[in-house]
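Single-structure report; data block below.
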Amino acid sequence: MTGHVGKVKQPERIAVVGAGIGGLCTAARLAKAGHLVTIFESSNRTGGKCRTEWIGRYAFDTGPSLLTLPAVYRDFFQRTGDVMGRVLEIEEVNPSFDYRFHDGKSVKFSNLSRKKTLAAISESLGEEAALEWDALMRQAEAMWDVSRGPFVESELKSPLSLLKRPRLMRDLKTIAPWKSLRGIGIRNPYLAKIMDRYATYSGSDPRVAPAVLSTIAFVEEAFGAWHVKGGVGTLSEKITERCEKLGVTIRLNTYVDEITTKSGTVTGVVVQGHHEEFDRVVANADAQFVYNNLMAPTNKVVKIRKQLAKSEPSLAGFSLLLGLKPSTAEPLAHHTILFPENYDLEFESIFTSKTPVEKPTIYICAPRDPLMVKDAGHEAWFVLVNAPRHDPYEGGFDWSDAEFNQRYAHSIINQIEATGIAVRERLEVLEIRTPLDLQESVHAPGGSIYGSSSNGARSAFSRAKNRSPIKGLYLVGGSAHPGGGLPLVGLSAEIVANAILD
């Protein structure tokens, strides 16, 4: 994408509602161009879901625990006045993932090396499996080349806008929008589980999520898996500092009651009962929350509400923060995935019966980062399992039962221990985070991690548009185009800033 250089001739007063990564990055880009930007954040800190949380002697990445496509943030820092390498330090995660299966088989994916990954697949799963994964990655690369411009790095206005592309038919054949991730038809059952997991990266169900999500696997391999020294929350801290240096006003513990409009144009915000005038408003909050809770029900707003109501919310997550004493056992890789025997039951539980998964896929993030523990040899593990949203009023699950949450947490620990990984004898800290906790801390409805899911071929068009039909209102962040996750949220901020600066 192209950025903007130089100052605007006529500075505008711009409000940003929410200090998540998307809001912060948009604010910094606009302030760099000369606009007068104020961020309103209802909580007592910036960063949204991207945070590193200290509990006693241990630090945990309780939101994103991995950085992919670091070029998005290198570009951000460069265009807002500094070099990322001077601001924060990232290191490659190698192996990028250690995948372990119910029958004892395992395979480690190498960071930034398909050759090494294919060798590991061949050794563990056989030569035929390695050839199949290589073919999958070649197809995913072709999909990425076609989709990154119109679907990821640009405003996505409507399906009609894509019909003007000169290579439409060839591109459609490559992307295969009618095909689901499952529809790829992976023969090797172990590789099928690994590929299914990329649907959950966007909070989706692989049985209906589009095949183009396989590009995430290619992006991880081609651009690497990275850890931010000190925790991924360091990224939000450094972006906040960039905002402050550029003159952005950040008002914490300040709740926006309403985004006001007149004749279809934004006029400002109501903050704690007082109206403040702004030329434009950027909303960095869940899109449904913005249109349902922060805006009067004009004809345009009601129409958008109906459109957004058609999109399926993403899945949520149930997580454990484990502070562990030293051990003589071989340390885990930075990212370890424990697959159950029947992965389908996970998606049945979450999307059909809307109940916690009895035997879920377990993701363990165990960074070997001395800046994330106070004492040498200790470890801080972030454990995450996919979960149904908190939705007790619409037939979903009620995560307010503390006793159930404790039992479920210990069930997950039992399942980790059953694979030969010792936890209980080392356990010093155990904290639980439920979908309800996420809903209450960052206003993510039901605790949906990624806003809306990518379930279905039209899912990309059901996300909130960056440029609202309400003149002067823009949406940024995980529930808006192009989607959730650090790279896409960073690109979302660039798209919104460019839309305003144009």
Side-chain angles (χ1 to χ4, degrees), residues 49 62-65 99 101-102 180-183 192-211 213 216 286 288 309-320 337-365 382-401 404-405 407-409 411-416 432-440 442 444-457 459 462-463 478-479 483-485:
K49 297 181 187 116
T62 55
S65 54
Y99 295 111
F101 302 93
H102 71 283
S180 71
L181 202 58
R182 277 283 174 87
K193 285 183 176 180
I194 290 172
M195 186 57 79
D196 274 358
R197 191 170 163 270
Y198 288 102
T200 68
Y201 270 38
S202 62
S204 309
D205 182 342
R207 299 171 299 180
V208 290
L213 290 183
I216 302 172
D286 181 85
Q288 290 199 21
K310 294 175 185 175
S311 64
E312 185 172 358
S314 86
L315 53 72
F318 180 93
S319 55
L320 308 179
I337 317 297
L338 308 176
F339 283 110
E341 183 172 3
N342 191 330
Y343 206 0
D344 271 8
L345 290 179
E346 181 158 326
F347 304 111
E348 282 293 322
S349 287
I350 292 169
F351 291 105
T352 306
S353 65
K354 298 179 182 177
T355 53
V357 186
E358 187 179 342
K359 292 186 176 179
T361 300
I362 300 172
Y363 164 77
I364 305 172
C365 181
F382 173 73
V383 178
L384 175 70
V385 301
N386 295 322
R389 300 163 70 247
H390 174 74
D391 197 6
Y393 308 110
E394 297 293 333
F397 194 74
D398 185 352
W399 285 103
S400 63
D401 185 341
F404 172 83
N405 296 339
R407 289 198 305 275
Y408 191 51
S411 164
I412 291 167
I413 291 172
N414 289 342
Q415 290 174 56
I416 295 173
I432 299 170
R433 297 286 186 272
T434 72
L436 177 57
D437 293 326
L438 189 65
Q439 174 178 283
E440 291 181 341
V442 296
S448 289
I449 300 173
Y450 305 99
S452 60
S453 71
S454 295
N455 290 343
S459 56
S462 64
R463 283 190 182 277
S479 67

(message) Walk me through whether Asp391 and Gln439 qualify under side chain to side chain contact (heavy atoms under 4.5 Å, CB included).
(response) CA-CA 10 Å; Asp391 197 6; Gln439 174 178 283; over 6 Å; no

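- Of all the heavy atoms in Pro435 and Trp399, the pair that sits closest is CG-NE1, 3.4 Å.
- Among all heavy-atom pairs drawn from Ser448 and Arg389, the shortest one is OG-NE, 2.8 Å.
- When side chains are defined from C-beta on, Tyr99 does not count as touching Lys193, because their heavy atoms never get closer than 4.5 Å.
- In this structure, Ser314 and Ile449 approach most closely via the heavy-atom pair OG-N, 3.3 Å.
- Annotation: Phe397 is not in aromatic contact with Phe318 [ring centroid separation under 6.0 Å not met].
- Contact detail for Gly447 and Leu438: the closest heavy-atom pair is O-CD2, 3.4 Å.
- Residues Arg407 and Asp401 are not paired through a salt bridge, judged by the lack of any N-O separation under 4.0 Å between the basic side chain and the carboxylate.
- The shortest non-hydrogen separation linking Gly317 to Leu384 is CA-CD1, 3.8 Å.
- Residues Arg197 and Thr200 form a side-chain contact, since some pair of their non-hydrogen atoms from C-beta on lies under 4.5 Å apart.
- Contact check for His390 versus Thr434: no side-chain heavy atoms found under the 4.5 Å cut-off.
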(message) Between Ile362 and Gln415, does the side chain to side chain contact (heavy atoms under 4.5 Å, CB included) criterion hold? Intermediate values first, please.
(response) CA-CA 9 Å; Ile362 300 172; Gln415 290 174 56; 3.9 Å; yes

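- Between Tyr408 and Leu320 there is no side-chain heavy-atom pair separated by less than 4.5 Å.
- For the pair Glu346/Asn386, a side-chain contact is recorded, criterion being any heavy-atom separation below 4.5 Å from C-beta on.
- For the atom pair CD1 (Ile364) and OG (Ser65), the distance works out to 12.0 Å, reported to the nearest 0.5 Å.
- Smallest separation of non-hydrogen atoms from Val385 and Thr361: CG1-O, 3.6 Å.
- For the atom pair CG (Asp205) and CG (Leu315), the distance works out to 9.0 Å, reported to the nearest 0.5 Å.
- When the ring pair (Phe, Tyr, Trp, His ring centres under 6.0 Å) test is applied to Tyr201, the partners found at least two apart in sequence or on another chain are Tyr198.
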Contacts under 3.5 angstrom, residues 351-359 side chains, donor-acceptor by atom type, not counting sequence neighbours:
residue : atom : partner : partner atom : Å
Ser353  : OG   : Ser349  : O            : 3.3
Ser353  : OG   : Thr355  : OG1          : 2.9

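- Tyr343 is linked by a ring pair (Phe, Tyr, Trp, His ring centres under 6.0 Å) to Phe339, Phe347, counting only residues two or more places apart in sequence or in another chain.
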